[in-house]
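Structure first, commentary second.
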Amino acid sequence: MAVEILANKKVLIVGATGGIGSEATRLIKNGQANVFITGRNEKKLKEIAHANEIPDSQAFILDVTDARAVEALAAKIHEKIGQLDILINAAGIGYLNPLEKTDAEDFMELIDVNLKGAFLLMRHFLPPMKEAKKGLVINIPGVLGKAPMAGAAAYAASKYGLNGMVKSIREELKRTEVRITNLYLGGVDSSFWDRIDMRVNRDKFINAKEAGRAVWFLCQQPASGVVSEMVIQPFNHQAI
Ligand SMILES: NC(=O)c1ccc[n+]([C@@H]2O[C@H](COP(=O)([O-])OP(=O)(O)OC[C@H]3O[C@@H](n4cnc5c(N)ncnc54)[C@H](OP(=O)(O)O)[C@@H]3O)[C@@H](O)[C@H]2O)c1
């Protein structure tokens, strides 16, 4: 059943080199989808492509903050296969620090990657879906996209922004069957935390494989309804 739903679906996974994105890539490719992937790290991207038998011609280096690069990739993919069936945005960066330690540069980097990046992806991949009146977009705002936490001012700004942006875009999709799902994850044990200077117990986090499986699960949902959001949190830290 699951295999049938994904078979031949045209799926782009942005941030396929990450903990969540790489697992989602593996499962979705196993479902016989026509998978396109992106990452910034060329070595990791090649490894993921080869491990999943994704041709090099469907694996792209992409910095989501680069408006021209996102536009060019969208044009290339649309020319090759038409509109996507599923766009998964699993790219993003983390940062947690008290306000007095957060510089304007840190703030802007989060806004650039987590918010502008998501905007650019939807700006360039959604219009053909809208025209075809069908498709699915999955973003991962995380629980800090709708719950506050000390030290998360900059990160939450980027993710609450994503949440508000998605809700507004949904209003523009009302006469279509284009669905947007927000996945609100609590802490996931991935390299996301390597650059965060905060003592956390990663053993108690959600496993990255399970988070990737949640993305895959969302791709299976029938088009007659919309899963507008899904929330998964570690047992010991339920913020919402
Ligand atoms: N881990 C968590 O606790 C958690 C919780 C809630 C929500 N999330 C969200 O889930 C998403 C995936 O996180 P993860 O845990 O899988 O993190 P991860 O393992 O660190 O992966 C992050 C991914 O984003 C890509 N990336 C970073 N900056 C980019 C840029 N400027 N342009 C293009 N790609 C970029 C990375 O590419 P390269 O590796 O190739 O550089 C990598 O593929 C993020 O949006 C994150 O905010 C994570």
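In listed order, ligands and their atoms are each counted from 1.
Taking all heavy atoms of G142, A90, G186 into account, the minimum distance to atom 5 (C) of ligand 1 is reached by G186. When A24, G18, S190 are ranked by how near their heavy atoms come to atom 14 (P) of ligand 1, first place goes to S190. The heavy atom nearest to atom 24 (O) of ligand 1, out of those in G92, G15, G21, is found in G92. Considering only non-hydrogen atoms, atom 37 (O) of ligand 1 lies nearest to T17 out of L162, V215, I140, T17. Of the candidates R40, Q233, E23, the one placing a heavy atom closest to atom 41 (O) of ligand 1 is R40.
Looking only at protein heavy atoms, the nearest one to atom 13 (O) of ligand 1 is I20 CD1, 3.9 Å. Among all protein heavy atoms, the one lying closest to atom 32 (N) of ligand 1 is V64 N, 2.8 Å. The single protein non-hydrogen atom nearest to atom 33 (C) of ligand 1 is L62 O, 3.1 Å, given as residue, atom name and distance. Nearest protein heavy-atom neighbour of atom 46 (C) of ligand 1: F192 CE1, 3.6 Å. Remark: minimum distance from atom 6 (C) of ligand 1 to any protein heavy atom is reached at L185 O, 3.2 Å. Nearest to atom 8 (N) of ligand 1 among the protein's heavy atoms is Y155 OH, 3.9 Å. Closest protein heavy atom to atom 34 (N) of ligand 1: A91 CB, 3.6 Å. With respect to atom 3 (O) of ligand 1, the closest heavy atom belonging to the protein is V188 N, 2.7 Å.
By the neighbour-count criterion of 12 heavy atoms within 6.0 Å, atom OH of Y160 is densely surrounded, having more than that number from other residues, nucleotides or ligands. With a 6.0 Å radius and a threshold of 12 heavy atoms from other residues, nucleotides or ligands, K209 has its NZ atom at or below the threshold. Within a 6.0 Å radius of CG in D197, no more than 12 heavy atoms belonging to other residues, nucleotides or ligands are found. By the neighbour-count criterion of 12 heavy atoms within 6.0 Å, atom NZ of K46 is sparsely surrounded, having that number or fewer from other residues, nucleotides or ligands. Taking a 6.0 Å sphere around CZ of R170, one finds it holds more than 12 heavy atoms contributed by other residues, nucleotides or ligands. Enclosure of atom NE2 in H237 is not indicated, since only 12 or fewer non-hydrogen atoms of other residues, nucleotides or ligands lie within 6.0 angstrom.
Below 4.0 Å from some heavy atom of D63 lie the following atoms of ligand 1, by number and element: 30 (C), 31 (N), 32 (N), 33 (C). When each atom of ligand 1 is checked for a heavy atom of G187 under 4.0 Å away, the hits are 3 (O). Per-residue contacts place I93 under 4.0 angstrom from the following atoms of ligand 1 (heavy atoms of the residue considered): 27 (C), 28 (N). Numbered from 1 in the order shown, with element, the atoms of ligand 1 that lie under 4.0 Å from a heavy atom of G39 read 40 (O). Of all atoms in ligand 1, listed by their number and element, those nearer than 4.0 Å to a heavy atom of K44 are 39 (O). Atoms of ligand 1 lying under 4.0 Å from any heavy atom of W193, numbered from 1 in the order shown and given with element: 1 (N), 2 (C), 3 (O). Every atom of ligand 1 is numbered from 1 in the order shown, and the set under 4.0 Å from a heavy atom of S191 is 18 (P), 19 (O), 20 (O).
Using modelled atom types, one side-chain atom of Q238 and one backbone atom of F235 make a donor-acceptor pair closer than 3.5 Å. Side chain of K9 to main chain of A33: no donor-acceptor pair is present (N/O by atom type, distance under 3.5 Å, no hydrogens or angles).
Ion pairing between D189 and R202 holds under the 4.0 Å rule for side-chain N and carboxylate O. Between E47 and K43, at least one side-chain N (NZ, or NE/NH1/NH2) sits under 4.0 Å from a carboxylate O, which counts as a salt bridge.
When only interatomic distances are considered, the shortest N/O to N/O separation between G19 and ligand 1 falls below 3.5 Å.
Under the 4.0 angstrom criterion for non-hydrogen atoms, Y184 is not in contact with ligand 1. A heavy-atom separation below 4.0 Å is not found between G94 and ligand 1.
The aromatic rings of W193 and F205 sit tilted relative to each other, their planes meeting at an angle between 30° and 60°.
Closest approach of T176 to K130, counting heavy atoms only: CG2-O, 3.8 Å.
The structure places CG of L120 at 12.5 Å from CZ of R68, a figure rounded to the nearest 0.5 Å.
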Before giving the answer on side chain to side chain contact (heavy atoms under 4.5 Å, CB included), spell out for H50 and D56 the whole-Å C-alpha distance, their side-chain angles and the decisive distance to 0.1 Å.
CA-CA 8 Å; H50 293 167; D56 287 345; 3.3 Å; yes
